[in-house]
Every structure is written in structure tokens, then in C-alpha cells.
S.K.: 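Right, I'll just put the structure down here and ask away after.
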Amino acid sequence: PDSITSIENRPFQPGKSLIEFEFPSSLKRIDEYVMKGCISLVKITFPQSIKSIELGAFSQCTSLTEIQIPSSVSFIAHHLFDGCNSLKQVILPPKLETIGAFAFNECTSLETITIPDPVYYIGGYVFKGCVSLNKVILPKSLRYFGIGNFEGCISLEQIELRGTFKSIPCLCFYGCTSLKSVNMPFE
């Protein structure tokens, strides 16, 4: 119903037969692990009213293939899509500012991603184990990205770091055996 403004911790876990879910237009907050482990979930429809999607809300949704985060969302929580190994396409909102640690960890089907301005912070291990990821473009607004972000991205060939960095964190490109091109301006 349209009177719901929040969905709390783990109501559908593990929803093994849930295939499609449309959130109500009144929803403002999706709590932690709301659909974690819903292994048959293929499609999620978000309303533009969403302000907050919390920790691991869609982690281990192994059938989810694409996602479009609403423009009203300014941060991606830790582990949000962790282990969504069928996820191929992610459309991030234009007002996004931060991406939490392990947000796309082990999204083994994800091939490309463009991080929009004004993202200034990306936590650690965000794309760790994204073995199909071959191209990444990071924004000029980016000032910090954490440890091990592209660790194990064995298909990563090209990365463009447009932000101004003072250092590249440890294990950042560890195991990126296909990396051919890195473009990164430093201060």
C-alpha cells in the first residue's frame, strides 16, 4: 500500500521464490538485508521517493541482472549488491556522493560501470572479484577510494581515474592481470 514509508530488516529473507518486486511509491527507506538471499529475484522497481537503501539490502540476489538506483539516492550502502553474480548493468543516480565498502563485491557478471560526479568517496573492496569488469571510469569529484577496490578483476583492461589523488591504496589493482591502460592525474 502507498502508506508504507519504510521496510524494516529482513522481511523477505530468504525469499527463494520471489521473482519481481515493486516498492510502493510512498517508500522512503529500505532497511538492512531486506531482500538478502532472494535468489530468484530478477527485477526490482524503485519509486523516486526512496532516500535511503541500507546495508546489504539486495546482497546475494543471484538472479538480479540489472538495477537502476533512483535519482533521490545519494549513497550506496556497504554490501548493497554483494554477491549478485548475475548483475550485468548498474545505472547509478546523478546525485550519488558515496559508495560503501563491498557494494558490488563478487558481481561477477558486471562488465562496465561509470561512477557519476559528484561521487567523492568510494569505500574499500567495492568491485573486488568482479571478474567480468573490463572498463571503469571514475569521476573528477573523487577524492578517496579505499583499499583493494579492483582486486581480482581479471578482465579489467582500462581504468580512467579522473579525480585528484595523493595516493593509490594498497591492493587496488591486485590480480588485475589484463590491465592495459591506466589514466590517472595526480596533484
S.K.: Does CZ in Phe173 sit with more than 12 non-hydrogen atoms of other residues, nucleotides or ligands closer than 6.0 Å?
M.R.: yes

S.K.: State, with a plain yes or no, whether a side-chain heavy atom of Tyr121 is found less than 4.5 Å away from one of Arg143.
M.R.: no

S.K.: Does some side-chain heavy atom of Ile168 sit less than 4.5 Å from a side-chain heavy atom of Leu161?
M.R.: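 Result yes, sub-4.5 Å side-chain heavy-atom pair found.
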
S.K.: Where is the tightest heavy-atom contact between Cys107 and Phe81, given as atom of each residue plus distance?
M.R.: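 Nearest heavy atoms, Cys107 then Phe81: SG-O, 3.2 Å.
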
S.K.: What pair of heavy atoms forms the shortest contact from Cys153 to Leu133, and how long is it?
M.R.: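 Between these two residues, the closest heavy atoms are SG-CD2, 4.3 Å.
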
S.K.: Which heavy-atom pair separates Ile50 from Pro70 by the least distance, and what is that distance?
M.R.: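 Shortest heavy-atom separation between Ile50 and Pro70 comes out as CB-CG, 4.3 Å.
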
S.K.: With the 4.5 Å side-chain cut-off for hydrophobic clustering, are Ile137 and Tyr144 part of the same group?
M.R.: no

S.K.: Would you confirm whether Ser109, through its side chain, and Leu87, through its main-chain N or O, come within 3.5 Å as a donor-acceptor pair?
M.R.: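 Not confirmed, Ser109 side chain does not pair with Leu87 backbone.
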
S.K.: Hey, any chance Ile154 and Phe104 share a hydrophobic cluster, counting ILVMFWY side chains that come within less than 4.5 Å of each other, even indirectly?
M.R.: no

S.K.: Just wondering, do Ile147 and Cys170 contact through their side chains at under 4.5 Å, heavy atoms?
M.R.: yes

S.K.: So do Ile99 and Phe145 actually touch side chain to side chain, heavy atoms under 4.5 Å?
M.R.: no

S.K.: Should His79 and Asn105 count as side-chain neighbours, where that means a heavy-atom distance under 4.5 Å?
M.R.: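 No; the side chains remain at least 4.5 Å from each other.
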
S.K.: Minimum heavy-atom separation for Glu54 and Phe75, please, with both atom names.
M.R.: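 Residues Glu54 and Phe75, closest heavy atoms: OE2-CZ, 3.7 Å.
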
S.K.: Between Leu156 and Tyr125, is there shared hydrophobic-cluster membership here, with clusters defined by ILVMFWY side-chain heavy atoms closer than 4.5 Å?
M.R.: no

S.K.: Could I get the full list of side-chain hydrogen bond (donor to acceptor under 3.5 Å, both in side chains) partners for Ser71, not counting sequence neighbours?
M.R.: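 If we apply the side-chain hydrogen bond (donor to acceptor under 3.5 Å, both in side chains) test to Ser71, skipping adjacent residues, the hits are Gln48.
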
S.K.: Side chains of Asp117 and Ser141: donor-acceptor distance under 3.5 Å anywhere?
M.R.: yes

S.K.: Please name the pair of heavy atoms, one in Pro116 and one in Pro139, separated by the smallest distance, quoted to 0.1 Å.
M.R.: O-CG, 3.6 Å

S.K.: Short question: side chain of Thr65, backbone of Ser86 - any donor-acceptor pair under 3.5 Å?
M.R.: no

S.K.: Strictly distance-based, threshold 3.5 Å: is any side-chain N or O of Ser49 a donor or acceptor partner for the main-chain N or O of Leu27?
M.R.: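 Yes; judged by distance alone, with no hydrogens or angles, the pair exists.
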
S.K.: Looking at Leu18, is its backbone amide N or carbonyl O close enough to the side chain of Ser40 to form a donor-acceptor pair, meaning the two atoms are under 3.5 Å apart?
M.R.: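 No.
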
S.K.: Do Phe150 and Tyr174 land in one hydrophobic cluster if side-chain heavy atoms of ILVMFWY residues count as linked below 4.5 Å?
M.R.: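 Result: no, two separate clusters.
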
S.K.: First locate atom CD of Gln89, then atom OG1 of Thr112, and finally report the distance between them rounded to the nearest 0.5 Å.
M.R.: 8.0 Å

S.K.: Roughly how far apart are Ser52 OG and Lys28 NZ, rounded to 0.5 Å?
M.R.: 12.0 Å

S.K.: Would you check if Ile113 and Leu92 make a side-chain contact, meaning some heavy-atom pair closer than 4.5 Å?
M.R.: yes

S.K.: Between Ile69 and Leu96, is a side chain to side chain contact (heavy atoms under 4.5 Å, CB included) present by the stated rule, with each step listed?
M.R.: CA-CA 9 Å; Ile69 308 292; Leu96 188 67; 5.9 Å; no

S.K.: Just verifying a value: how many Å separate Thr98 OG1 and Ile76 CD1, rounded to the nearest 0.5 Å?
M.R.: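 Here the rounded value is 8.0 Å.
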
S.K.: Ignoring hydrogens, what is the shortest heavy-atom contact between Ser132 and Thr108? Give both atom names and the distance.
M.R.: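 In this case the closest contact between Ser132 and Thr108 is OG-O, 2.6 Å.
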
S.K.: Mind checking the CD-CD1 spacing from Gln68 to Ile44? Nearest 0.5 Å is all I need.
M.R.: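 Gln68 atom CD to Ile44 atom CD1 measures 12.5 Å (nearest 0.5 Å).
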
S.K.: Where the side chain of Asn183 meets the backbone of Ile159, is there a donor-acceptor pair that is under 3.5 Å apart?
M.R.: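 No, the answer is negative, given that no donor and acceptor are paired below the 3.5 Å cut-off.
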
S.K.: Do the ring planes of Phe58 and Phe23 sit parallel (below 30°), tilted (30 to 60°) or perpendicular (above 60°)?
M.R.: perpendicular

S.K.: Does any part of the side chain of Arg162, heavy atoms only, come nearer than 4.5 Å to the side chain of Leu138, both counted from C-beta?
M.R.: no

S.K.: In the single-linkage hydrophobic clustering (I, L, V, M, F, W, Y; side-chain heavy atoms under 4.5 Å), do Leu142 and Phe102 co-cluster?
M.R.: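 Different hydrophobic clusters.
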
S.K.: Check the surroundings of atom CD1 in Ile19: do more than 12 heavy atoms from other residues, nucleotides or ligands lie under 6.0 Å from it?
M.R.: no

S.K.: About how many Å separate CD of Gln60 and SG of Cys84, when rounded to the nearest 0.5 Å?
M.R.: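 The CD atom of Gln60 is 8.0 Å from SG of Cys84, to the nearest 0.5 Å.
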
S.K.: So, do Phe46 and Ser72 sit near enough that their side-chain heavy atoms are less than 4.5 Å apart?
M.R.: no

S.K.: Quick one: list whatever passes side-chain hydrogen bond (donor to acceptor under 3.5 Å, both in side chains) with Glu20, sequence neighbours left out.
M.R.: none

S.K.: What's the separation between atom CD in Glu66 and atom CD1 in Ile91, rounded to the nearest 0.5 Å?
M.R.: 7.0 Å

S.K.: Verify, without hydrogens or angle tests, whether Ser155 (side chain) and Val131 (backbone) share a donor-acceptor contact under 3.5 angstrom.
M.R.: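 Side chain of Ser155 to backbone of Val131: a pair is present.
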
